[in-house]
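Every heavy atom of this structure was used, including side-chain atoms; hydrogens, water molecules and symmetry mates were not. Positions are given from 1, in the same order as the sequence printed here.
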Amino acid sequence: MSSLPEDIIINVLTRLPIKSLLRFRCVCKSWCNNLFTDPDFVKQQFDHALKHHNPVILIDSTDFNISCIGYDLVSSTVSSDDHIVEIDYPTENEKYQIIDVCHGLLCYITENKDIIIWNPYTKNYKKLPSPPEAHQSPMVEYGYGFGYDSKTEDYKFARMVSYQFGHGELNVYSSRTDSWKTMVNVPFLYPYEQLVLFNGVFHWVQSSTLDSGFPRVIGSFDLESETFKEIQLPVEFLDRNKFTVVDLRFLEGNLYLIGRIYMAGVEVWMMKEYGVRESWTKMFTIDSQKFGGAAGYLTLKNSLGNGVIAVEVDHLHHYLYDLNKEDATQLEINMPFFIWAFLGSLVSPACWGTQ
C-alpha cells in the first residue's frame with residue numbers, strides 16, 4: 001500500500017463507508033491523527049457518501065433510548081427489527097429532545113437545557129457553551145434549529161426566545177468561533193416547529209392561530225447581513241381552513257414548504273426563485289389514503305435518498321414513502337418511537353473552538 005501514490009490512497013479512502021474508515025484507524029497512525037481529521041478529507045468523504053452510501057434509520061424511543069437499524073438505498077428496504085442496535089449517547093439516563101441531524105451529527109437538548117452536538121459513529125461530542133439567559137417572563141416559548149452554513153463552512157445552532165409581551169430574541173451559535181451572538185427585537189413569533197437553515201439563512205413559519213391576530217408568514221434571518229426579512233407564502237396557503245398546519249423542511253438539498261390537510265394529506269411546495277412569491281410551485285402531493293386511510297396529520301421528517309422520505313403519521317406510526325412509486329411502507333418496530341434518517345461522517349464537534 002505504501003508504494004501507491006498518496007493521492008490515489010486518499011481517493012480510495014474517500015470512497016469508503018464510514019464504518020470501514022473507523023476500522024482503519026488502527027491500521028495507520030497518520031490516517032487516524034491527520035487524514036481522518038483533515039477538513040477537506042472529511043468533506044470529500046461525506047459528499048461521496050451522500051450519493052453512494054446507505055444511511056441508517058435512527059430510532060428515538062419514547063423511553064429515551066437511541067438505536068439504529070440498517071437501510072438499503074437500492075432496494076429501499078429496512079433490516080428486520082432483530083437487527084436494531086442500541087447506541088450509548090453522551091448524557092445517558094437523562095431526558096432529551098432531538099432537534100435535528102446534519103452531516104453525521106445529531107443535535108439534542110437535555111432536560112437541564114444542555115445543548116449537545118454528537119457524532120454517533122465516532123462517539124465524539126461537544127456540549128455547547130450556555131446561551132445567554134432568557135429574561136424572566138410569565139410566558140416564554142422557545143424554538144430551535146441546527147444546520148450547516150455552506151457559505152462560511154460553519155455549523156450553526158439557533159435558539160429563538162419569544163415572550164408573551166413584546167418582541168423576543170434570537171441567539172445563534174457558531175462552530176467557527178465557539179460563541180453566541182444575540183439579536184433582539186425579533187419581528188416574528190417563534191416557529192410552529194423548528195428553524196431550518198438554507199443558503200445561509202434560518203427560516204421558520206411563525207406560530208399563529210385563527211384567534212391570535214398574527215398573520216401566517218415565513219420569517220427569516222440572514223446570517224451574513226444579520227437582518228430579518230419576511231418571505232410571503234403562496235396565496236393558496238393563506239386559507240387557514242385548507243392548510244391547518246404549515247411548516248418547513250430541508251429535504252434532498254432543497255427548502256420545502258409543507259401544507260398539512262387534516263385527514264387528506266400534505267402538499268409540498270418549493271420557491272423556484274428565492275424571495276419571489278410568484279415562483280412558489282407545488283412539487284408533489286402525498287395522499288393520506290396511502291397510509292391506511294385513517295391518517296390525521298402527516299409529518300415529513302427527512303430524506304433517505306432516491307426519493308424516499310420518512311413520514312410520521314399522527315405522531316404514532318412511521319412509514320417510508322417512495323415519491324417515485326407513490327407507495328408507503330410501514331416500519332414495524334416493537335416500541336413507541338420517532339425516526340431520523342442518518343448518514344454517518346467523520347465530522348468532529350469536539351474540535352470546535354480549538355482550531
Side-chain angles (χ1 to χ4, degrees), residues 1 4 6-60 65-80 83-90 92 98-108 116-126 146-148 150 153-155 175 250-253 301-306 308 310 320 339-352 355:
M1 191 93 167
L4 290 173
E6 184 178 4
D7 59 334
I8 293 180
I9 294 175
I10 292 175
N11 185 272
V12 170
L13 291 174
T14 59
R15 297 168 182 271
L16 295 177
I18 185 68
K19 284 187 176 181
S20 298
L21 292 176
L22 294 177
R23 284 197 295 267
F24 291 164
R25 286 187 296 187
C26 59
V27 172
C28 179
K29 190 174 291 187
S30 67
W31 289 359
C32 180
N33 297 335
N34 301 315
L35 182 61
F36 291 172
T37 57
D38 178 78
D40 290 334
F41 177 85
V42 171
K43 184 178 185 305
Q44 289 177 41
Q45 191 278 332
F46 186 74
D47 287 346
H48 185 270
L50 275 174
K51 299 174 183 175
H52 303 286
H53 295 168
N54 291 325
V56 297
I57 296 174
L58 288 182
I59 302 167
D60 173 23
N65 287 307
I66 299 176
S67 311
C68 71
I69 190 169
Y71 175 79
D72 184 75
L73 271 174
V74 176
S75 62
S76 300
T77 57
V78 177
S79 304
S80 59
H83 286 83
I84 295 175
V85 178
E86 191 166 321
I87 308 171
D88 295 330
Y89 60 96
E92 205 161 357
I98 292 179
I99 303 302
D100 212 337
V101 296
C102 174
H103 286 197
L105 301 177
L106 186 150
C107 171
Y108 68 90
I116 307 295
I117 312 294
W118 169 48
N119 186 322
Y121 277 88
T122 65
K123 310 301 182 187
N124 191 288
Y125 76 96
K126 180 179 180 66
F146 173 65
Y148 179 71
S150 58
E153 298 184 341
D154 194 1
Y155 291 90
S175 66
F250 182 67
L251 299 171
E252 298 195 332
K301 299 292 288 186
N302 51 4
S303 171
L304 286 91
N306 288 353
V308 177
L320 300 182
I339 58 173
W340 301 82
F342 188 84
L343 185 64
S345 77
L346 291 170
V347 177
S348 175
C351 297
W352 296 350
Q355 297 175 332

Quick check for you: to the nearest 0.5 Å, what is the distance between [X] atom [atom1] and [Y] atom [atom2]?
X      : Y      : atom1 : atom2 : value
Asp47  : His52  : CG    : NE2   : 10.5 Å
Phe24  : Leu35  : CZ    : CG    : 12.5 Å
Leu346 : Lys43  : CG    : NZ    : 14.0 Å
Ile59  : Ile87  : CD1   : CD1   : 9.0 Å
Leu343 : Cys102 : CG    : SG    : 11.0 Å
Cys107 : Ile116 : SG    : CD1   : 9.0 Å

Can you name the closest pair of heavy atoms from [X] and [Y] and give their distance?
X      : Y      : answer
Gln45  : Leu21  : CG-CD1, 3.5 Å
Gly104 : Pro120 : O-CD, 3.7 Å
Asn124 : Ser348 : ND2-OG, 3.1 Å
Leu105 : Pro349 : CD2-CD, 3.8 Å
Ser345 : Asn119 : O-ND2, 3.0 Å
Val56  : Cys68  : CG2-CB, 4.3 Å

Applying side-chain contact (heavy atoms from CB on, under 4.5 Å), run through Trp340 and Asp100 and close with a yes or a no. CA-CA 8 Å; Trp340 301 82; Asp100 212 337; 3.9 Å; yes
Aromatic rings Phe36 and Phe41: how do their planes relate, parallel, tilted or perpendicular, breaks at 30° and 60°?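 Correct class here is parallel.
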When you look at Asp60 and Tyr108, which way does the side-chain contact (heavy atoms from CB on, under 4.5 Å) test go after all the steps? CA-CA 11 Å; Asp60 173 23; Tyr108 68 90; over 6 Å; no
Greater than 12 external heavy atoms within 6.0 Å of Lys123's NZ: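 Correct, the count exceeds 12.
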Residues forming a ring-ring contact (aromatic ring centres under 6.0 Å, His included) with His103, sequence neighbours excluded: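 Once residues adjacent in sequence are excluded, the partners of His103 under the ring-ring contact (aromatic ring centres under 6.0 Å, His included) criterion are Phe46, Tyr148, Tyr155.
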Of all residues at least two apart in sequence or in a different chain, which pass the ring-ring contact (aromatic ring centres under 6.0 Å, His included) check with Phe342?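 For Phe342 there are no ring-ring contact (aromatic ring centres under 6.0 Å, His included) partners, ignoring immediate neighbours.
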For Asp40, does its backbone N or O pair with a side-chain atom of Asp38 as donor and acceptor, under 3.5 Å?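 Judged by distance alone, yes, a pair lies under 3.5 Å.
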Side chain proximity check, Leu320 to Ile57, heavy atoms < 4.5 angstrom: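 Heavy-atom side-chain distance check passes, below 4.5 Å.
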